[in-house]
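Written out below as structure tokens is the structure these notes cover.
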Amino acid sequence: MANRWKNTLKERDVTPESAYLNRRQLIAGAAAAGAFGSIAQGAKAEELKPNKWDDITGYCNYYEFGTQKTDPAKYAHALTIKPWTVKIDGMVDKPGDYTFEDIMAKMTVEERIYRFRCVEKWAMVVPWNGFELADLLQLAGVQSNAKYVAFETVLRPEEMPGVHTNVLDWPYVEGLRMDEAMHPLTIMATGIYGKDIPKQNGAPLRLVVPWKFGFKSIKSIVRITATEHEPPTSWSKAYGRAYGFYSNVNPERNFPWSQESEKLLGSGLFARPQPTRLFNGYDEVASLYAGMDLQKYY
Ligand code: MTE
């Protein structure tokens, strides 16, 4: 148990990003050798070169601030994130309003370098800082008969210009099956590149589920509910069959357009798209879906 500052203050905080990127590659090599196994969990560390800060924070989807990719970076500064409280309720032994500071005091923040894949066919590699969602659910005493977890984003019309349009039903909501939520790859991100996560990326805490399309990774969470029933999700409410509850990255399912290839952000206008990988390359989650028809439960 340690606080966020202790855990996230690393060498990169005092080194320029380019030097940090070089060092990352060294660490990635070490990770492949097993010395730093946790930092790039779930993927071959040596393949992952993080995208630049400006790509990650300048090209965003956060419709509460507008639908253009640059809107969140322009408008999200208006979001008040202090104080911040997350209501944890439903099938938990310790329901309540947990302050951000309470949570951070009890969680262990670590770095996870993950691929991130949007349904719009762009992809990036992000050096997140965060903690495992399982640890937070256990802190709240999630009950054994709870089958799903529902999430809700803050809704503040006075701070969020995009919610005055009806492009989605507000607040933005998402959900996971309990075994997905408890999977060690599933994190609550609180930082990028060792800095507090910018508001446009979902400050102060957002979900990251690296084997699912990016819209499952709900931002600026204010409520987490353990429940018996599959919760509604914003995109499946809006576009029915196109965006299912599971939404695992799958090159073989059109969603609604072909998902066979993807383009890495920052790779340049003329760069070739690269092939999409099932579960975004995180093969270790395949067993969660054993026996499920991935075309049907998309
Ligand atoms: N969460 C909220 N509350 N509102 C949103 O519009 N967009 C989703 C997801 N989480 C979204 C959200 C989509 S479509 C994607 S691809 C990712 O956030 C983008 O995350 P990023 O902007 O940090 O790259």
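Just follow the structure's listing: the first ligand is 1, and inside any ligand the first atom is 1. Only a predicted model underlies this, so the values are computations on that prediction, with no experimental measurement involved.
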Worksheet item: Counting heavy atoms only, which of E120, M124, E64, K216 is nearest atom 4 (N) of ligand 1?
Response: E64
Practice prompt. Taking the six-membered ring for Trp and the full ring for Phe, Tyr or His, determine whether the centres of W235 and F213 are under 6.0 Å apart.
Written response: no
Worksheet entry | Aromatic contact, F279 with Y289 (centres under 6.0 Å) |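 Yes, they do, as the ring centres are separated by less than 6.0 Å.
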Please check if any side-chain donor atom of [X] sits under 3.5 Å from a side-chain acceptor atom of [Y], or the reverse.
X: N201; Y: K219; result: no
X: N280; Y: W211; result: no
X: Y63; Y: T165; result: no

Short N-O contact, [X] and [Y], less than 4.0 angstrom:
X: E101; Y: K106; value: no
X: R156; Y: E64; value: no
X: K263; Y: E120; value: no
X: R177; Y: D179; value: yes

Practice prompt. Flag Y59 as yes when one of its N or O atoms lies below 3.5 Å from any N or O atom of ligand 1, and as no otherwise.
Written response: no
Discussion item. When you compare ligand 1 with N61, is there at least one nitrogen or oxygen pair between them that comes in under 3.5 angstrom?
Written reply: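 Yes, at least one N or O pair falls under 3.5 Å.
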Can you list the ligand 1 atoms lying under 4.0 Å from a non-hydrogen atom of [X]?
X: C118; value: 16 (S)
X: T153; value: 3 (N)
X: C60; value: 22 (O)
X: F215; value: 8 (C), 9 (C), 13 (C), 14 (S), 15 (C)

To the nearest 0.1 Å, how far is [atom] from its closest protein heavy atom, and which atom is that?
atom: atom 20 (O) of ligand 1; result: R206 NH2, 3.1 Å
atom: atom 23 (O) of ligand 1; result: N201 ND2, 2.9 Å
atom: atom 17 (C) of ligand 1; result: G214 O, 3.5 Å
atom: atom 1 (N) of ligand 1; result: K219 N, 3.2 Å
atom: atom 6 (O) of ligand 1; result: Y63 N, 2.7 Å

Item to complete: Only one of K216, K212, K147 passes salt bridge (Lys or Arg N to Asp or Glu O under 4.0 Å) with E180; say which it is.
Response: K212
Side chain, backbone, both or neither: [X] near ligand 1, heavy atoms under 4.0 Å:
X: W122; answer: side chain
X: Y172; answer: side chain
X: F116; answer: side chain
X: S217; answer: backbone

